[in-house]
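Below: the structure, in C-alpha cells.
The model shown is predicted, which means the values in this text are computed figures rather than measured ones.
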Amino acid sequence: MPGTPAETPAVLAARDALAALRRQQAFAAADEAALDGLIAVRPPARTPRPDPVWDDAPVLVHEVVGERYRRLVLRTATIATTALAGQFLMITVPPKGGERILLPRPMAIHRRHPEQGTVEVIYGVAGRGTTALADVVVGESLLVTGPLGRGFEFPDAALPTATPSAGPGPQPARTALMIGRGVGVCAIMGSVEDAADQGISATVVLSGRSRANLIGLADCAELGATVIPVTDDDGSSALPALGERLRARFAATPPDVILVCGAGVLARLAAELGSEWDVPVQVSLEAHMACGLGYCHGCAAPVATDPAVEGPLVCVDGPVFDAVLPLTAAAGGANAAG
Amino acid sequence: MPGTPAETPAVLAARDALAALRRQQAFAAADEAALDGLIAVRPPARTPRPDPVWDDAPVLVHEVVGERYRRLVLRTATIATTALAGQFLMITVPPKGGERILLPRPMAIHRRHPEQGTVEVIYGVAGRGTTALADVVVGESLLVTGPLGRGFEFPDAALPTATPSAGPGPQPARTALMIGRGVGVCAIMGSVEDAADQGISATVVLSGRSRANLIGLADCAELGATVIPVTDDDGSSALPALGERLRARFAATPPDVILVCGAGVLARLAAELGSEWDVPVQVSLEAHMACGLGYCHGCAAPVATDPAVEGPLVCVDGPVFDAVLPLTAAAGGANAAG
Amino acid sequence: MTIAPPRTPTDARSAFFDARPADSAAVDLSVRIGSLTLANPVMPASGCFGPSLGRLIPVTELGAVVTKTVFGTPRGGNAAHRLTEIRAGMVNSVGIPSRGADGYLAGQHPLYLTLGVPVIVSVGGHRSSEYAPVVRDLRGAGDAYELNVSCPNLDRHGTDIGSDPDAIEKVVRLVRQETDKPLIVKLPVLVSSIADCARAAEAAGADAVCVANSVPALPLTADTRSPVLGNVIGGLSGPNIRPIVLRLVWLASRAVQIPVIACGGIETTDDALDYFSVGARAVQVGTASFGRPYAMVEIARALQERCLAAEVADIGRLIEIWRA
Amino acid sequence: MTIAPPRTPTDARSAFFDARPADSAAVDLSVRIGSLTLANPVMPASGCFGPSLGRLIPVTELGAVVTKTVFGTPRGGNAAHRLTEIRAGMVNSVGIPSRGADGYLAGQHPLYLTLGVPVIVSVGGHRSSEYAPVVRDLRGAGDAYELNVSCPNLDRHGTDIGSDPDAIEKVVRLVRQETDKPLIVKLPVLVSSIADCARAAEAAGADAVCVANSVPALPLTADTRSPVLGNVIGGLSGPNIRPIVLRLVWLASRAVQIPVIACGGIETTDDALDYFSVGARAVQVGTASFGRPYAMVEIARALQERCLAAEVADIGRLIEIWRA
Ligand SMILES: Cc1cc2nc3c(=O)[nH]c(=O)nc-3n(C[C@H](O)[C@H](O)[C@H](O)COP(=O)(O)OP(=O)(O)OC[C@H]3O[C@@H](n4cnc5c(N)ncnc54)[C@H](O)[C@@H]3O)c2cc1C
Ligand SMILES: Cc1cc2nc3c(=O)[nH]c(=O)nc-3n(C[C@H](O)[C@H](O)[C@H](O)COP(=O)(O)OP(=O)(O)OC[C@H]3O[C@@H](n4cnc5c(N)ncnc54)[C@H](O)[C@@H]3O)c2cc1C
Ligand SMILES: Cc1cc2nc3c(=O)[nH]c(=O)nc-3n(C[C@H](O)[C@H](O)[C@H](O)COP(=O)(O)O)c2cc1C
Ligand SMILES: Cc1cc2nc3c(=O)[nH]c(=O)nc-3n(C[C@H](O)[C@H](O)[C@H](O)COP(=O)(O)O)c2cc1C
Ligand code: FES
Ligand code: FES
C-alpha cells in the first residue's frame with residue numbers, strides 16, 4: 001500500500017510511533033532471550049538475612065538526577081542499619097489526586113547510611129506507579145517494607161560487613177567487577193559499599209544512554225571504586241566494544257567475581273567473561289511482585305523446572321542468582337544493542 | 001451499652017462523625033419528602049429551544065467565592081449567545097493526576113455574557129467529580145455541552161429576551177419572586193438577568209449558611225434586583241421565619257410568579273405561597289445525569305406515573321417544572337430546617 | 001498560561017464536523033454482519049445513543065447506530081436514582097423504559113431514519129419467547145436486530161436469558177422465523193462459559209454476537225451505606241470493565257466464526273485496537289460518549305489514520321504488525 | 001514542610017504492634033462458622049497471606065488465617081509474568097503452585113500453627129471428585145477448610161466448578177464424608193445465579209460460603225497489545241471489583257442461612273462495613289495487604305472502636321444505626 005495519499009500530521013505521527021515501538025520491541029526480545037538458561041538459584045547463604053519490617057519513612061530528599069531518574073532519601077533507621085548489599089524495598093505509593101496504586105513497587109536499596117538512619121533509592125519514571133511516586137514531596141512519608149530478598153555476596157566472605165582477614169577460613173574475594181546499566185546500578189551499589197568496607201578492589205562499569213544519565217558516578221568516587229563509564233551516544237556501551245575493553249583490562253588478572261544488574265544482554269556478557277576467566281557471576285533480576293515476602297508466588301524466576309515443581313521466586317530466592325557457568329548456549333544474545 | 005470504658009480519641013472521633021451523619025440524614029429525608037406530589041411537567045414552551053453544541057471552552061477565571069464555592073468563567077460564544085434562563089451545561093471533568101471522571105457534571109448557567117462570549121458557573125465541591133473539577137487551572141479548556149434543558153419562563157412572556165410590551169397578546173409578568181439556596185441560586189440568576197432586560201421587578205431571596213456563603217449578591221446588585229439575604233447562622237433562613245417575612249412583604253400585591261431552586265423544603269414553601277397568592281410557581285430540580293440530551297433515560301423526575309409509562313426526564317422535560325397548585329398535601333415538609 | 005483569543009460565535013463542535021477526513025481508497029474499514037455491510041466497525045452501544053446526539057456529532061461517519069432496547073409492551077423504567085458514578089465506573093439501572101414496538105415505530109424510528117447510517121434495532125424481552133413478537137411488530141423497520149438477552153429473565157428467577165445457551169438458542173431460532181435481517185445476540189458478562197453462549201447463538205442462526213453488556217453491581221452511598229440506585233442493583237460500565245470483557249471477547253472469538261462485536265469500556269482508538277487484537281471485528285462505544293460525545297467518530301477517523309500510517313489496507317493487517 | 005526528627009532504630013511496625021488496643025468486654029465481634037468460633041470477623045484472603053507476614057503484623061489480632069490453596073498433587077504454577085497492576089486493579093495468574101497435601105503438611109502447616117489463631121486451609125481440585133482426597137490427605141490439619149471451587153474445571157472445559165450448583169453439591173457432599181470440621185465454599189464471580197450456587201453449598205452441608213474469588217480478566221500491554229500475563233488470563237482483584245462482589249454478597253446473604261464471608265476489594269473499615277451492611281458476617285482481605293500489610297489488623301481494631309463509639313455490642317447493631 002505504498003504511496004497512499006493522506007500524509008496528514010496525524011498519519012505521520014502514528015508512523016513515527018510505530019517505528020519507535022518496533023525498535024523497542026527488538027531490544028526487549030533480545031534482552032529476554034539473553035537470560036534463557038542462564039540463571040540458577042544460589043546455594044544457601046551463610047549470612048543470616050535481617051528480619052524485614054515496614055516503616056513510615058519520611059522523605060528527606062526527592063530530586064531529579066540526570067535527565068531520567070529521581071533520587072529518594074528516606075529515613076528508616078531499622079532498614080538502614082540491617083539491609084544487606086543488593087537487597088530491596090517494597091515502596092507503597094501513597095494515593096494522590098485520585099490515583100490509587102494498589103501494589104507496592106520493588107526498588108533496590110541504592111545506598112545505606114546507617115549512621116544517619118537513611119537509605120537512598122534511585123528510580124526511573126516508567127508506568128503508573130512510578131509516575132505517581134514522582135508526585136511525593138519532601139516531608140511526606142512513604143510506607144516501605146524491607147530489607148527484602150537475597151542480595152549479592154562476595155564469594156567466601158563470611159560476613160559482608162566484616163573486615164577482610166587473611167586468617168583462618170576460606171580466602172575472601174580481593175577484586176570484583178561490577179556491571180550496572182540504568183537503574184540496575186542501584187542493585188550493585190551496596191556491593192560497592194561492601195567492597196570499600198572490606199578492602200576489595202572494585203571496578204564498576206556504569207552503563208547508560210548518555211553521560212548525563214549515568215547513575216552512581218559520585219557514589220563510586222566517594223567509595224573509591226574505579227569507574228568505567230560507557231554510554232550509548234558514543235557507542236562505548238555496545239556489547240562487543242565493552243566486551244573487548246573488559247577482556248583487555250583484565251587480561252593479566254581477572255576479577256575474583258562479577259556482579260551484574262540491569263539488562264539480560266549484559267548478564268550474558270558477564271557470563272561469557274565469567275566462563276572465559278573461570279570466575280563466578282551473580283546476576284540480579286527483576287520480576288513483577290506483589291508481596292516481596294515469598295507468600296504471593298507472583299515473582300516466578302525465569303528458571304526452567306519440572307512443571308509439577310514451582311521454580312524459584314525472585315523475591316526470596318533472589319533477586320540475585322548465580323549465572324550457570326561455563327556458558328554453553330550460543331552467545332548470540334550478547335550481540336544485540338547494549 | 002452506655003458507659004463503656006474505652007473513650008479513646010479514635011472512639012470519640014467515630015462518635016462525632018456518627019452524630020453529624022444523623023443530622024445530615026434528617027435534613028435529606030425532609031428535603032426529599034417535601035417534593036412528594038409537588039411537581040408537574042410544564043406545558044409546551046412557545047420559545048423554541050436553542051440547539052445544543054459542545055465546545056472546548058477556555059477557562060478565563062477559576063476562583064474561590066465565599067467559603068465553599070468556586071466560580072468559573074468560560075469562553076464559549078455559541079452557548080453564551082443562545083442560552084435561555086435556567087438552562088444548564090454538562091461539564092466534562094478532564095483527567096488529571098490519575099483521576100478519571102467518566103460522566104460530565106450538570107451545572108446551571110449562572111450568568112450569560114453574550115457580548116464577551118462567556119458564561120459563568122458557580123459550583124460547590126461535593127464528591128469526586130467536583131473535587132477533580134476544582135483542580136482545573138485558568139488557561140485550560142473544559143469540554144462543555146449546552147445549552148440544555150427547559151429553563152424558567154416568565155408567564156405569558158413570548159420571548160424572555162424580548163422587550164416588555166403592553167401591546168397585543170397576553171399581559172407579561174411585571175413582578176417576580178425568585179428564591180434560591182446555595183448553588184440553587186445559579187439556576188435562577190438567568191431569570192434575574194431576563195427580568196432586568198424585560199423591566200420586570202425582581203425580588204430575590206438568597207439563602208445560605210452564612211453571609212459569606214451567599215451566592216449572587218453582587219449579581220443582583222448589578223442587575224438591579226431587590227435582595228432578601230437569609231442565612232442559617234442568624235436564623236433568618238428558617239422556613240417559618242422566611243415564610244412570614246415574605247407574606248408580610250407581599251401582603252398588598254403578590255408577585256406575578258415565583259421561581260425557586262435549591263431545596264425541596266423551599267420549593268414547598270414557594271408552593272404554599274403560590275397557593276395562598278394564586279400565582280404560578282416554577283421549580284428547578286436536580287437529578288443524576290449522564291447525557292443531558294434525553295437519550296440515556298437516567299434522569300427520571302420525581303413525578304409519579306403509570307408504571308408502564310416512563311415519567312418525565314429532568315434533562316429535557318426540566319430541569320424546571322411547575323409546582324402543582326393549589327397545594328393539597330399537608331405543608332408539614334416546609335417546617336423542617338431550611 | 002495561554003488563553004485562547006475570543007471567538008466568533010462558532011464552537012468546537014462545528015470545527016469537528018468540518019474536520020471530516022477524506023475517505024481513503026487505500027483503506028477498507030468495512031465489516032459484514034450477515035447480509036449487512038457497515039462502512040466501518042464503529043457504532044454506539046445500545047442505550048448510549050439517541051437521535052438527539054445527531055446534532056452534536058457527524059453520525060454519518062459511524063458504521064451504524066444502535067437503538068435503545070425496545071420491548072414489546074411499554075415499560076416505565078426504574079425509580080430514581082437511575083445512575084451514578086463511582087470509582088469503579090458508571091452504574092446504571094435505567095431499567096429500559098420503552099414505549100413498546102408501536103411507540104418506537106411511531107416516535108423514534110423516523111428520527112433514526114434521518115441519520116443516514118444503518119439502524120440496528122435493539123430488542124428486549126422478559127422471556128425467551130418474547131423476542132420474536134417484538135421483531136414481528138417492528139414490521140421490518142431497521143437494518144438489523146440486536147437481541148439483548150442480558151435482561152432479567154422471568155422464566156428463571158431473574159437471571160439473564162443470555163447466561164443459558166438453550167434459552168439463547170430458542171430466542172434466536174424464534175426470531176429467525178420472523179426475519180431474514182442480520183441478527184446480533186448481545187451477551188451478558190456473568191456467564192460461566194461465554195464460548196457456549198456464543199456457540200448457541202451461532203448454531204441458531206445469529207450473524208454476530210455482541211460481547212458484552214454491563215456488569216451487574218451494587219453501589220452503596222459512602223455515608224449511610226444504603227443503595228444509591230432506586231433499583232439497588234445496576235450495571236457497571238466504563239473503562240474498568242474492559243479487561244474483564246477483553247477476556248470474554250477473546251474466548252468468544254475463538255469459539256465462533258461469526259463476527260464478535262466488542263462492547264465494554266472503549267474510550268479511545270487504542271482501546272478499540274485492544275479488542276480487535278483479541279479477535280473483535282467491530283466495536284461499540286457506550287459510557288465514553290457521555291463525557292466525550294465525539295469519541296466514537298474520533299475512533300472511526302483514527303482507525304483510517306492508523307492504517308494509512310502503517311501502510312496497510314485493513315485493521316486485520318494492522319494487528320499483525322503489532323504482533324510481529 | 002515538616003520533617004520528622006531522626007528516630008532511634010525503631011520502626012512503624014513495632015509501634016503498630018505496641019498500639020494493640022485493650023479488648024473491650026462491651027463489644028462482641030465474634031463470629032461462628034459451624035463449630036468454630038472466631039474472635040473477630042477479619043481474616044486474610046487465600047493466596048494473599050503467608051506465615052512470613054507474621055513477622056510484620058500482629059496476626060493474633062485476626063479472627064483466623066487462610067492458607068494459599070493446597071492441591072492434592074504438586075503443581076508448578078504459571079509462567080511469568082504472574083501478576084501485574086492495571087488501572088482496573090491487580091491481575092494475577094499465579095496458577096496456584098502447590099507442593100501437594102504432603103508438602104503442605106511437612107513445610108507450611110507447622111509455620112501456620114505458630115501463628116496462634118485458627119487456621120483455615122484452602123483446598124483446591126481440578127475435578128469435583130478431587131477435593132475430598134485432599135482433605136483426607138491433610139489428616140485433620142487445620143481448623144476449617146475453604147473449598148476453592150473457583151479453579152478451572154477439567155470436567156467441563158475449563159469453566160469453574162463453582163459455577164455449577166450440581167458440582168458444588170458434589171464437592172461438599174464428598175468432603176463432608178471426610179471431615180466434621182467447618183467447611184466454607186468459595187464461589188466464583190462469573191455465575192448466572194450466585195443464589196443457586198450458595199444454596200447448593202448450604203444444602204450439601206457447608207457451614208459458610210465465601211463470596212467471591214477474583215474476576216477473570218485479560219490485561220494487555222499498552223504498547224504491543226500482547227497479553228501481559230504468561231497465562232494470558234488472570235484474576236482481577238482490588239477495590240474496583242467491590243461493587244460487583246457487593247451485589248453477589250447481597251444476593252447470597254438473602255439466599256442462605258449460613259454465614260456469607262465477603263471477599264473482594266476490601267481495603268478499609270468502611271469497605272468491610274459496606275459488606276456487613278448487605279449481609280456479610282465476616283470479611284477477607286486480599287490485595288490490600290500487599291500495599292498495606294497491616295490493613296487487616298487495622299480493620300479488626302477499628303470495628304471495635306466503631307462499636308464503642310456507637311455504644312452498641314456488635315456489628316449487627318452498628319449496621320442498624322446506619323440504616324435508621
Ligand atoms: C528487586 C527489584 C529491584 C528494583 N530496583 C529498581 C530500582 O532501584 N530503580 C528502578 O527504577 N526500578 C527498579 N526496579 C524496577 C521497578 O520495580 C519497576 O520499574 C516498577 O515496578 C515499574 O512500576 P510502574 O508503576 O512504573 O510501571 P507499571 O507499568 O505501572 O507497572 C505495572 C506492574 O508491573 C510491574 N512492573 C513493571 N515493570 C517492572 C519491572 N521492571 N520490574 C518489576 N516489576 C515491574 C509493576 O510493579 C506493577 O505491578 C526493581 C525491580 C525489582 C524486582
Ligand atoms: C440541572 C442541574 C443543574 C445544576 N447546577 C449546579 C450548579 O450550578 N452548581 C452546583 O454546584 N451544582 C449544580 N448541580 C449539582 C451538581 O451537578 C452536583 O453537585 C454534581 O453532579 C456532584 O458531582 P460530584 O462529582 O461532586 O459528586 P459525586 O458524589 O462524585 O457524584 C456521583 C454521581 O452522582 C451525581 N450527582 C451527585 N449529586 C448530584 C446532584 N446534586 N445533582 C445531580 N447529580 C448529582 C453526579 O453527577 C455523579 O454522576 C446541578 C445539577 C443539575 C441536575
Ligand atoms: C445509561 C445506559 C443505558 C444502557 N441501556 C442499554 C439498553 O437499553 N440495552 C442494552 O443492550 N444495553 C444497554 N446498556 C449497556 C451498554 O450498551 C453497554 O453494553 C455497556 O454500557 C458497556 O459498554 P461501555 O463500557 O462502553 O459503556 C446501557 C448502558 C448505559 C450506561
Ligand atoms: C496473588 C493472589 C493469589 C491468590 N491466590 C488464591 C488462591 O490460592 N486461592 C484462592 O481461593 N484465592 C486466591 N486469590 C483470590 C483472593 O483470595 C481473593 O478472592 C481475591 O483476590 C479478591 O479479594 P481482594 O480484592 O481483596 O484481593 C488470590 C489473589 C491474589 C491477588
Ligand atoms: S513477590 Fe510475592 S512471592 Fe515474590
Ligand atoms: S440525562 Fe440522559 S436522559 Fe436525561
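Note that OG of C:Ser192 is 12.5 Å distant from CD1 of D:Ile161, once rounded to the nearest 0.5 Å. The line from CG of C:Asp274 to OG1 of D:Thr221 is 8.0 Å long, rounded to the nearest 0.5 Å. Here the CG-OG distance, from C:Asp160 to D:Ser193, works out to 10.5 Å after rounding to the nearest 0.5 Å. From D:Asp271, atom CG reaches atom CG of C:Leu220 across 10.5 Å, with rounding to the nearest 0.5 Å. The distance from the CD1 atom of D:Ile321 to the OG1 atom of C:Thr224 is 13.0 Å, given to the nearest 0.5 Å.
If you tally non-hydrogen atom pairs under 4.5 Å between each of D:Val91, D:Ile233, D:Val232 and chain C, the highest count goes to D:Ile233. Between chain D and the residues C:Ser226, C:Ala222, C:Gly265, C:Pro219, the largest count of heavy-atom pairs under 4.5 Å involves C:Ser226.
Between the C:Arg225 side chain and the D:Asp270 main chain, a donor and an acceptor come within less than 3.5 Å of each other.
Neither the backbone nor the side chain of C:Ile194 comes within contact range of chain D; no heavy atoms are under 4.5 Å apart. For D:Val245, no part lies near chain C; criterion is any non-hydrogen pair under 4.5 Å. Contact of C:Leu236 with chain D is made through the side chain alone, with heavy-atom distances under 4.5 Å. Looking at C:Val249, there are no atoms closer than 4.5 Å to chain D (heavy atoms on both sides), in backbone or side chain. Proximity to chain D (any heavy atom under 4.5 Å) is restricted, for C:Val191, to the backbone atoms N, CA, C and O. Neither the backbone nor the side chain of D:Ile241 has a heavy atom closer than 4.5 Å to any heavy atom of chain C. Heavy-atom distances place the side chain of C:Ser277, and not its backbone, under 4.5 Å from chain D.
Scanning both residues, D:Leu246 and C:Leu218, for their nearest heavy atoms gives CD1-O, 3.6 Å. The heavy-atom pair separating C:Val189 from D:Leu190 by the smallest distance is O-CD2, 3.6 Å.
Put simply, the side chain of C:Pro243 reaches to within 4.5 Å of the side chain of D:Ile86, judged on heavy atoms.
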